2 protein chains.
Amino acid sequence: MGTTQLESVPEPKYWHLKTVLSDALDSEFAVGEVLPNERELAARFGVARATLRQALEQLELEGRLQRRRGVGTTVAPPRVGVAVGDYAHGWADTSGEDSWRTVDSVEAVPPAAVARLLETAPDTPVHRVRRTRMSHGRPLAAELLYVPAESVPGLAAIETPSGPARARAVLRELRRLELEGRERSVELGSARADDAKELDRLPGAPVLVVTTRYVTEGRTAAVAVATYRADTCRLTFGDGAGEELLAG
Amino acid sequence: MGTTQLESVPEPKYWHLKTVLSDALDSEFAVGEVLPNERELAARFGVARATLRQALEQLELEGRLQRRRGVGTTVAPPRVGVAVGDYAHGWADTSGEDSWRTVDSVEAVPPAAVARLLETAPDTPVHRVRRTRMSHGRPLAAELLYVPAESVPGLAAIETPSGPARARAVLRELRRLELEGRERSVELGSARADDAKELDRLPGAPVLVVTTRYVTEGRTAAVAVATYRADTCRLTFGDGAGEELLAG
DNA sequence: CAGTGGTCTAGACCACTTC
DNA sequence: AAGTGGTCTAGACCACTGC
């Protein structure tokens, strides 16, 4: 009766390590503070560096740590609440601390999955506008906005065919459409090389992929695929009633 | 002039491996098919098993593969589109292929973050209803619903204090409230041990954490924290206009 | 340049599922 | 008992940052 089933299911070392580190972060470290390097931490806990890294990886995934090659591991600030889909009525570049930066626009054939949403034939090129979402000077998200030519009929063919000016022209035309609704999905992905670069992360970094389908007159006017840094972002979706407590 | 800068930025082996495997999955494997085991794959590609595993991990994160200890690695079906927040008006257990299963309810002190949202004092116990969301017989999500006593005043104190019957009683009372709105956030997390068990995954598995705050009469009526399997789920958010193409 | 995190190896053993 | 994926080790070298 006295046998209390101690450690009959021993948890993995890296899991226990993660708990210990997590508690230490709460009590002994301030946001921004740098941790001892991996080799020292591993030695201090008496584990191999790979095991220690497994624990750090989890904590980074949860947004508790930030690791940068050549620099070190620092305590991350709490995740930012990022409102998706509340940037006023469409595609305006807002200003201030949280804003979209329009990069450029090119003609391109969208990936098959996007073409399906756009209801265009698989090889039809469309306008592809690249934007970056910044907050307090740091990149939050990289977005590719796919716009079929039919959605922006007013676009003069003579204008410059690519680059930032073209991108703004596409957005300007898009803003004239009346939206009937939006449809969104969120899933986990890993950053492609180009997105990773914009997000200041390594390729393969975990991202939240937000796919938005904009509907007008029963058609799909445009499709946006935005990849948000999963380590730093908490996506918030309001439905208009009341202040956004969650966005805190 | 002829020097075309080949491989001046060599990509990591596991990254290249991932690409190769991903292509192979598209062209040579069917959904549900089992791959050769890790030791053999590693040998076949001439890399260490750890390196191969790094590639497999990424593919699993992207929902391309499913790995089960003692069984093997299989090709995963495309992610399910899961509608969050469309289960008809509140907390009804829907039936059919996609449904919530109410597990139980206990009195418990919510985590600090939840207490803050509920606007209750940190140590106030509340009703905690546990539910599981199933689709086609497989677990999609595990949810903890926190309901302050004030939100369900009609709850008779004499009823059984915990268990499934109590859980249903709480939900029944909750359904009488008129909701003014909902506020949602989505972020990446890793499964706690208890959630992992319900989701049929190992602890630490990547999950999408959906936090919902239900508002009524300016107050927070309840807070739900649902953890969805990130490997199998794509969360969809409609806003009511038109069919859900993304839910595919 | 020194110091950091990122990649990679070649092994070992463990936990779990299946037969 | 055999076979799978999961954990862990002790090393090595690479890529990047900052002084």
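Just so you know, these numbers come straight off a predicted model, no measurement behind them. Letters A, B, ... mirror the listed sequences (proteins, then strands); counts begin at 1.
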Could you check which of [options] has an atom nearest any side-chain atom of [X]?
X        : options                 : value
Thr51(B) : dG6(D), dC8(C), dT17(C) : dC8(C)
Arg69(A) : dG5(C), dT4(D), dT7(D)  : dG5(C)
Lys13(B) : dC8(C), dC8(D), dG6(C)  : dC8(C)
Tyr14(B) : dC8(D), dG5(D), dC8(C)  : dC8(C)

Nearest-nucleotide comparison on DNA chain D, the residue closer to the 5′ end among Gly70(A) and Val47(A):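 Nearest-nucleotide comparison on DNA chain D picks Val47(A).
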Using whole Å, what does the distance between atom [atom2] of nucleotide [N] and atom [atom1] of [X] come to?
X        : N       : atom1 : atom2 : result
Arg53(A) : dT4(C)  : CZ    : C1'   : 11 Å
Trp15(B) : dA15(D) : CH2   : P     : 17 Å
Leu35(B) : dG3(D)  : CG    : P     : 19 Å
Arg67(B) : dC16(C) : CZ    : P     : 17 Å
Arg49(B) : dT4(D)  : CZ    : C1'   : 9 Å
Glu38(A) : dA15(D) : CD    : C1'   : 14 Å
Gln66(A) : dT17(D) : CD    : P     : 14 Å
Leu17(B) : dT9(C)  : CG    : C1'   : 14 Å

By nearest-nucleotide position on DNA chain C, the 5'-leaning member of Val71(A) and Ala50(A) is Val71(A)
Examine distances only and state if a side-chain atom of [X] and a backbone atom of [Y] form a donor-acceptor pair shorter than 3.5 Å.
X         : Y        : value
Thr236(B) : Val82(B) : yes
Ser27(A)  : Asp23(A) : yes
Glu33(A)  : Ala30(A) : yes

- Query: Looking for any heavy atom pair under 4.0 Å, which part of the strands does Leu202(B) touch: base, sugar-phosphate only, or nothing?
  - Reply: sugar-phosphate
Between the base of dG5(D) and the side chain of Arg39(B), is there any donor-acceptor pair under 3.5 Å? yes
- dG3(C) phosphate, OP1 or OP2, under 4.0 Å from Asn37(A) side-chain N/O: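 False: Asn37(A) side-chain N/O out of range (4.0 Å or more) of dG3(C) OP1/OP2.
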Exercise. Only counting residues at least two apart or in another chain, list the ones meeting side chain to side chain donor-acceptor pair (under 3.5 Å) with Arg49(B).
Key: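 In terms of side chain to side chain donor-acceptor pair (under 3.5 Å), with neighbours along the sequence ignored, Arg49(B) is linked to Glu38(B).
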Partners passing side chain to side chain donor-acceptor pair (under 3.5 Å) against Asp200(B) (at least two apart in sequence or in another chain):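 Not a single residue meets the side chain to side chain donor-acceptor pair (under 3.5 Å) criterion with Asp200(B).
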